[in-house]
Peer 1: 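Here's a structure for you.
None of the values given here were measured: they were computed from a predicted structure.
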Amino acid sequence: MHLYKNQHLKVYNSLTGTKEVFTPINEGHIGMYVCGPTVYSNVHLGNCRTFMSFDMIFRYLKHLDYKVRYVRNITDAGHLVDDADDGEDKIAKKARLEKIEPMEVVQRYTVDFHNILQKFNFLSPSIEPTATGHIIEQIEIIKDILDKGFAYEINGSVYFDVKKFNEQYEYGKLSGRKLEDMISNTRELTAQDEKRNPQDFALWKKAEPQHIMRWPSPWGDGFPGWHLECTAMSTKYLGETFDIHGGGMDLKFPHHECEIAQSEASYGHSPVNYWLHANMLTMNGKKMAKSTGNNILPNEIFSGENSILSKPYAPSVVRFFMMQAHYTSILDLSDDALLASEKGYHRLMDVFGLLDSLQTSKDSSIDITSWKQKCYDAMNDDFNTPILIANLFEAVKNINLIKEGKASISARDLTDLKETMNSFVFDVLGLERKSDGNMDSDKLSGVVSLLIRMREEARANKDFATSDNIRDQLAALGIQLKDGKEGTTFSVS
RNA sequence: GGCAUCGUGGCCGAGUGGCUAGGCACAGCUCUGCAAAAGCUUGUACAGCGGUUCGAAUCCGCUCGAUGCCUCCA
């Protein structure tokens, strides 16, 4: 029996602006495409939040026993710096500035991207295709769109004819814009433009002689437009219509709007059933962006080497911090917020050390079955991780009560509780429980246990100087002793 | 300027017509040799103004403020 048959998921669909019951095209299977990074610089934390939101979504869908094909691309070409005639792609520009091969730039930042995601404990997508690996597919789509009359060629470049498209389809339906409004609000163009209308966008750009990234095409040497790669790769691996398309809120317009237009122009129908948009991570109340410099790199958080944070934070703490906000809400990064999350994270993790040693009773004083369903209800409601976490803390409280003998649990319920906690905390939220130290954990616990026994002895002899000394010295090392009814436990921070 | 979104107690952050999440901080209590940890208790907050309603943080209008997109952006 698959879990998804009992747990009914609802998602907020940006296309309709409503929360809808999620029904995949093929029962039990889900195709999900998420716009990945443009690899021309290090990923910053804002980028990570979007990918983390979809990592969590991917994890939950898998947890529900769906078979998910998750495609997240790497954009390594064709990303125009601007839309003017001398538009240059970001990779090539960076390569020129750093005097290295474009693919060297791509390699460097792709590796960085993967390293960072690994630290955050991301699951790998099913397929991670690159734009440069799909030039042929992109050219085929351009030919098709030209054949259908929704694009025009000029001077070796091909542009999508938005006005023409809008006569038969609806350009702007995702972002709630009307073409007429856009036309009337267009700013004065300073540069000469090949485009018939400012709203038109490039499908293929002619490469000037000095341009290093170039491919042959029916229209001469050039490179593909930015929006096209996603259409080409999502279609190739997920089909002309697939279930979920995700990405950052800032890609809604024009990127996703253009994707819809390309697909509709080419295939005659909408490509995606559910559009999911993750909201921005801000810093100092402003969106993080590579271009403005208002950003922080993950490694700067892990190491504490930055000006806004008082200390380093572990990847799992940052992950927990992000999971405490709903993925569609703007989240602001601050030291206070991270500090609070870190404490909460430790409180949550400490409970896992207790679960194995809990005393069971004949009956339970708490209703595990309904608690468990509350956890699912939260996630089924558009992946509401903050509510899920609130429920997890409900369990934390109960586990502590059981440990103190103020509540009871049956063996059967305890098994269920353990499994549920493990599933949600580690499988779904993707948190990790590990101490930062490199010390072998068995040896560490052996040593600390020894010290705990020595302290017990000293206390029994009322030698408080010695017992307090042990406690304080361990605390200085980041090992906290916790005295309870059943004895002393410890946690490493 | 246009189109959107948002404004919740000290901080972060859920909730969308009545039953007032959660985390962190603070205070009191229990426990403790003293602490810490843990547990218990207390905080009646929803930008402002008006309207709809038996009832609104939640719906509508206006005002103010913030942010996002409109050009590359997760």
Peer 1: Show, in sequence, the C-alpha distance, side-chain angles and deciding distance for A:H277 and A:H256, and conclude whether the side-chain hydrogen bond (donor to acceptor under 3.5 Å, both in side chains) test is met.
Peer 2: CA-CA 10 Å; A:H277 285 98; A:H256 292 156; 2.8 Å; yes
Peer 1: Any side-chain donor-acceptor pair under 3.5 Å between A:E257 and A:S175?
Peer 2: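 Side chains of A:E257 and A:S175: pair found under 3.5 Å.
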Peer 1: Please classify the nucleic acid contact of A:K252 as base, sugar-phosphate, or nothing, using heavy-atom distances under 4.0 Å.
Peer 2: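 Result for A:K252 = nothing.
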Peer 1: Distance check: side-chain N/O of A:K286 vs OP1/OP2 of B:U67, anything under 4.0 Å?
Peer 2: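 Yes.
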Peer 1: Could you check whether A:N400 gets within reach of a base, just the sugar-phosphate, or nothing at all, counting any heavy atom under 4.0 Å?
Peer 2: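 Since only primed, P, OP1 and OP2 atoms lie under 4.0 Å of A:N400, the category is sugar-phosphate.
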Peer 1: With pairs defined as Watson-Crick or G-U wobble and both distances under 3.5 angstrom, please note down RNA chain B as a dot-bracket string, | for pairing with another strand.
Peer 2: (((((((..(((.....[...)))..((((.......)))).....(((((..]....))))))))))))....
Peer 1: Applying a 4.0 Å non-hydrogen cut-off, can you work out what A:R177 is touching in the nucleic acid: base, sugar-phosphate, or nothing?
Peer 2: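 The residue A:R177 makes base contact.
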Peer 1: Check A:D350 with A:R347, please: is the shortest side-chain N to carboxylate O separation under 4.0 Å?
Peer 2: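 A:D350 and A:R347: not salt-bridged.
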Peer 1: If you only use heavy atoms from C-beta on, which nucleotide in B:C34, B:A74, B:C70 is closest to the side chain of A:P254?
Peer 2: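 In terms of side-chain proximity for A:P254, the closest of B:C34, B:A74, B:C70 is B:C70.
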Peer 1: With a 4.0 Å cut-off on heavy atoms, is A:K397 in touch with a base, just the backbone sugar-phosphate, or nothing at all?
Peer 2: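 Here A:K397 touches the backbone only, sparing every base.
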Peer 1: Where the side chain of A:T50 is defined as all heavy atoms beyond and including C-beta, which of B:A74, B:A38, B:G68 is the nearest nucleotide?
Peer 2: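 Nearest listed nucleotide: B:A74.
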Peer 1: State whether the number of non-hydrogen atoms from other residues, nucleotides or ligands found under 6.0 Å of A:K418 atom NZ is greater than 12.
Peer 2: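 Above 12, so yes.
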Peer 1: By the 4.0 Å heavy-atom rule, please label A:F464 as base, sugar-phosphate, or nothing.
Peer 2: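 Answer is base: heavy atoms of A:F464 come under 4.0 Å of a base.
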Peer 1: Please assess A:H114 against A:Q118 for the test side-chain hydrogen bond (donor to acceptor under 3.5 Å, both in side chains), listing each intermediate value before the final yes or no.
Peer 2: CA-CA 6 Å; A:H114 287 143; A:Q118 195 168 26; over 6 Å; no
Peer 1: Mind checking if A:L348 touches a base, just sugar-phosphate, or nothing, with heavy atoms under 4.0 Å?
Peer 2: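 Counting heavy atoms under 4.0 Å across all strands, no contact is made by A:L348.
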Peer 1: Could one point to a donor on the side chain of A:R347 or the base of B:C24 with an acceptor on the other under 3.5 Å away?
Peer 2: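 Donor-acceptor pair under 3.5 Å: no.
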Peer 1: Between the protein and nucleotides 12-14 of chain B, list every N/O to N/O distance that falls short of 3.5 Å.
Peer 2:
from	atom 1	to	atom 2	distance (Å)
B:G13	OP1	A:D332	N	3.4
B:G13	O2'	A:Q324	O	3.4
B:A14	OP1	A:H326	N	2.7
B:A14	OP1	A:S329	OG	3.0
B:A14	O3'	A:N384	ND2	3.4

Peer 1: Side chain of A:Q480, heavy atoms from C-beta onward: which of B:C69, B:A21, B:A37 has the nearest atom to it?
Peer 2: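 Nearest listed nucleotide: B:A37.
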Peer 1: Atom pairs, N/O to N/O, protein against nucleotides 25-30 of chain B, distance under 3.5 Å?
Peer 2:
from	atom 1	to	atom 2	distance (Å)
B:A25	OP1	A:K343	NZ	2.9

Peer 1: Just checking A:M249: base, sugar-phosphate only, or nothing, at a heavy-atom cut-off of under 4.0 Å?
Peer 2: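 A:M249: no heavy atom of the nucleic acid under 4.0 Å.
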Peer 1: Once you apply a heavy-atom cut-off of 4.0 Å, does A:G46 come out as touching a base, just sugar-phosphate, or nothing?
Peer 2: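 Base contact - A:G46 has a heavy atom under 4.0 Å of at least one base atom.
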Peer 1: Given B:A38, B:A35, B:A74, which nucleotide is nearest the side-chain atoms of A:R455?
Peer 2: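 Of B:A38, B:A35, B:A74, B:A35 is nearest to the side chain of A:R455.
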Peer 1: Considering only side-chain heavy atoms of A:D336, which listed nucleotide, B:A35, B:C11, B:G23, is closest?
Peer 2: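 Comparing B:A35, B:C11, B:G23 against the side chain of A:D336, the answer is B:C11.
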Peer 1: Side chains of A:E20 and A:T16: do they bring a donor and an acceptor to under 3.5 Å?
Peer 2: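 Side chains of A:E20 and A:T16: pair found under 3.5 Å.
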Peer 1: Any idea which of B:A35, B:C69, B:G39 is nearest the A:D483 side chain?
Peer 2: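 In terms of side-chain proximity for A:D483, the closest of B:A35, B:C69, B:G39 is B:A35.
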Peer 1: Please determine, for the side chain of A:D468, which listed nucleotide (B:C69, B:G33, B:G23) has the closest atom?
Peer 2: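 When the side chain of A:D468 is considered, B:G33 is the closest of B:C69, B:G33, B:G23.
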